[in-house]
Amino acid sequence: MKLIAANWKMNMTPSQTREYVEKFLPLVEMVQDREVLLCPPFTSLCVAQELLRGSSVKLGAQNCYHEPKGAFTGEVSIDMLKELGVSYVIVGHSERRWLFGESDELINKKLTACLKAGMRPILCVGERLEEREAGLTLKVVETQIRLALSCLEEYTDSLDIAYEPVWAIGSGNPATPEDVQLVHAYIKDLLRDINAKHRGESRVLYGGSVNPTNAGDFLHMENVEGLLVGGASLNPETFSQIVKSY
Ligand code: 13P
């Protein structure tokens, strides 16, 4: 089933979350052939969990820390997220990599902790503009995935991967569906190369300036198994249109 995920980033207070979810749920209640995921900030998880109870819309977090507990001021563990009904965690978003200095090594630790705890990660990968212009897109994506999955080779079916070219995020300038198709096919081959027993159960999502007008074009492409939506997910009507686009 295709996964349509909202990454709200640092937006929405708990009361705004309540208002959003109350509007959003009736708009998507008839959707059956898509998995729908909301990833609010940590501070909104509690209220979102309460409101999503009984619906098929899932709850995700935007980040986590890999240690189970202890003196890590400001961090949130996987157990804390699990208790709030979180079933997905975004790991290695480009904003975490480039604004907060997350290394491939840290991303690997976070993935390890998620996978060993039975939490499904959405690993984000993608090249920056200068890398794209230098023809390095596939190399960058391959390196990010190989390092993220280092010593986790047997888990290739237990995560989803979001291809989010950094230059397409929040720019109003999405990648073309054809480019996305090419990178996604490469990622799928790569997962089979990493794990000879790969069963093809990990979905490859596209993210970067997705909106209700272009969402259907992406979802039509053969290897696009979902979308990770930032800006256009902040309005419940707009996001519901994306969820329902064909
Ligand atoms: P935009 O949809 O705002 O481009 O953001 C994409 C993104 O970063 C989702 O994780």
Side-chain angles (χ1 to χ4, degrees), residues 1-10 17 21 34-53 55-70 72 74-97 100 102-125 144-164 187 191 194-195 197-205 207 225-230 233:
M1 205 177 339
K2 298 208 194 240
L3 172 63
I4 316 292
N7 175 9
W8 289 356
K9 309 190 179 186
M10 197 177 74
T17 299
V21 177
R34 299 205 160 164
E35 194 173 353
V36 182
L37 175 68
L38 298 180
C39 302
F42 291 136
T43 44
S44 284
L45 287 172
C46 219
V47 63
Q49 180 200 27
E50 180 194 314
L51 294 164
L52 293 178
R53 200 169 282 136
S55 92
S56 61
V57 176
K58 307 250 171 68
L59 191 57
Q62 299 172 16
N63 188 21
C64 66
Y65 198 58
H66 57 278
E67 293 289 351
K69 64 177 177 175
F72 303 102
E75 295 297 331
V76 171
S77 76
I78 294 164
D79 274 354
M80 294 170 187
L81 297 173
K82 275 187 154 176
E83 199 170 312
L84 290 176
V86 167
S87 45
Y88 286 86
V89 177
I90 298 173
V91 176
H93 191 279
S94 68
E95 285 145 22
R96 300 294 325 162
R97 292 176 191 261
F100 301 100
E102 286 199 8
S103 63
D104 289 305
E105 193 188 346
L106 179 63
I107 290 163
N108 174 252
K109 284 184 180 156
K110 291 183 178 193
L111 273 194
T112 306
C114 284
L115 292 167
K116 304 232 152 131
M119 175 70 84
R120 194 167 180 97
I122 300 176
L123 169 68
C124 297
V125 297
Q144 287 173 337
I145 293 176
R146 284 196 188 274
L147 292 175
L149 286 174
S150 149
C151 300
L152 295 169
E153 288 77 8
E154 73 268 36
Y155 288 96
T156 52
D157 285 294
S158 307
L159 80 164
D160 298 306
I161 295 183
Y163 170 53
E164 299 204 315
I187 293 174
L191 292 175
I194 289 173
N195 177 8
K197 295 193 184 134
H198 183 64
R199 297 184 301 277
E201 288 166 11
S202 73
R203 288 165 293 192
V204 186
L205 322 180
E225 288 142 338
L227 300 169
L228 183 54
V229 187
S233 74

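The basis for the numbers below is simple: all heavy atoms, side chains too, and nothing from hydrogens, waters or symmetry mates.
- Sorted by first and then second residue, the pairs that involve residues 36-52 and meet side chain to side chain donor-acceptor pair (under 3.5 Å), not counting sequence neighbours, are Thr17-Ser44, Arg18-Glu50.
- Without hydrogens or angle criteria, Glu102 side chain to Ile107 main chain gives no donor-acceptor distance under 3.5 Å.
- The environment of CD in Glu154 is crowded: more than 12 heavy-atom neighbours from other residues, nucleotides or ligands sit within 6.0 Å.
- Qualifying side chain to side chain contact (heavy atoms under 4.5 Å, CB included) partners for Ser103, counting only residues two or more places apart in sequence or in other chains: Glu105, Leu106.
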For residues 113-125, please give each side-chain donor-acceptor pair under 3.5 Å, one per line with the distance, not counting sequence neighbours.
| residue | atom | partner | partner atom | Å |
| --- | --- | --- | --- | --- |
| Arg120 | NE | Asp160 | OD2 | 2.9 |
| Arg120 | NH1 | Asp157 | O | 3.3 |
| Arg120 | NH2 | Asp157 | O | 3.4 |
| Arg120 | NH2 | Leu159 | O | 3.2 |
| Arg120 | NH2 | Asp160 | OD1 | 3.1 |
| Arg120 | NH2 | Glu201 | O | 3.1 |

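- At least one side-chain heavy atom of Val76 sits less than 4.5 Å from a side-chain heavy atom of Leu81.
- Scanning for side-chain hydrogen bond (donor to acceptor under 3.5 Å, both in side chains) contacts around Glu95 gives Lys9, with sequence neighbours left out.
- Put simply, the side chain of Pro40 reaches to within 4.5 Å of the side chain of Leu59, judged on heavy atoms.
- Among residues two or more places apart in sequence or in another chain, the side-chain hydrogen bond (donor to acceptor under 3.5 Å, both in side chains) test is passed with Asp79 by none.
- With sequence neighbours left out, Glu35 forms a side chain to side chain contact (heavy atoms under 4.5 Å, CB included) with Leu3, Lys58, Tyr88, Arg203.
- When side chains are defined from C-beta on, Val47 does not count as touching Val21, because their heavy atoms never get closer than 4.5 Å.
- Every residue two or more places apart in sequence or in another chain that forms a side chain to side chain contact (heavy atoms under 4.5 Å, CB included) with Phe72 is listed here: Tyr65, Glu67, Glu75.
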>> Determine whether Arg97 and Asp104 satisfy the following criterion, side chain to side chain contact (heavy atoms under 4.5 Å, CB included), listing intermediate values before the conclusion.
In response: CA-CA 8 Å; Arg97 292 176 191 261; Asp104 289 305; 3.1 Å; yes
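- You'll find the side chain of Pro68 stays beyond 4.5 Å of the side chain of Ile78, heavy atoms only.
- Contact detail for Asn63 and Lys110: the closest heavy-atom pair is OD1-NZ, 2.8 Å.
- Between Lys109 atom NZ and Cys64 atom SG the span is 13.0 Å, to the nearest 0.5 Å.
- Under the rule for a side chain to side chain contact (heavy atoms under 4.5 Å, CB included), the partners of Asn108 that lie at least two apart in sequence or sit in another chain are Thr112, Ser150, Leu152.
- The CD atom of Glu153 sits 13.0 Å away from the NE2 atom of His198 when rounded to the nearest 0.5 Å.
- The shortest non-hydrogen separation linking Leu45 to Gly60 is CD2-O, 3.6 Å.
- Side chains of Glu164 and His93 form a contact here, defined as non-hydrogen atoms less than 4.5 Å apart.
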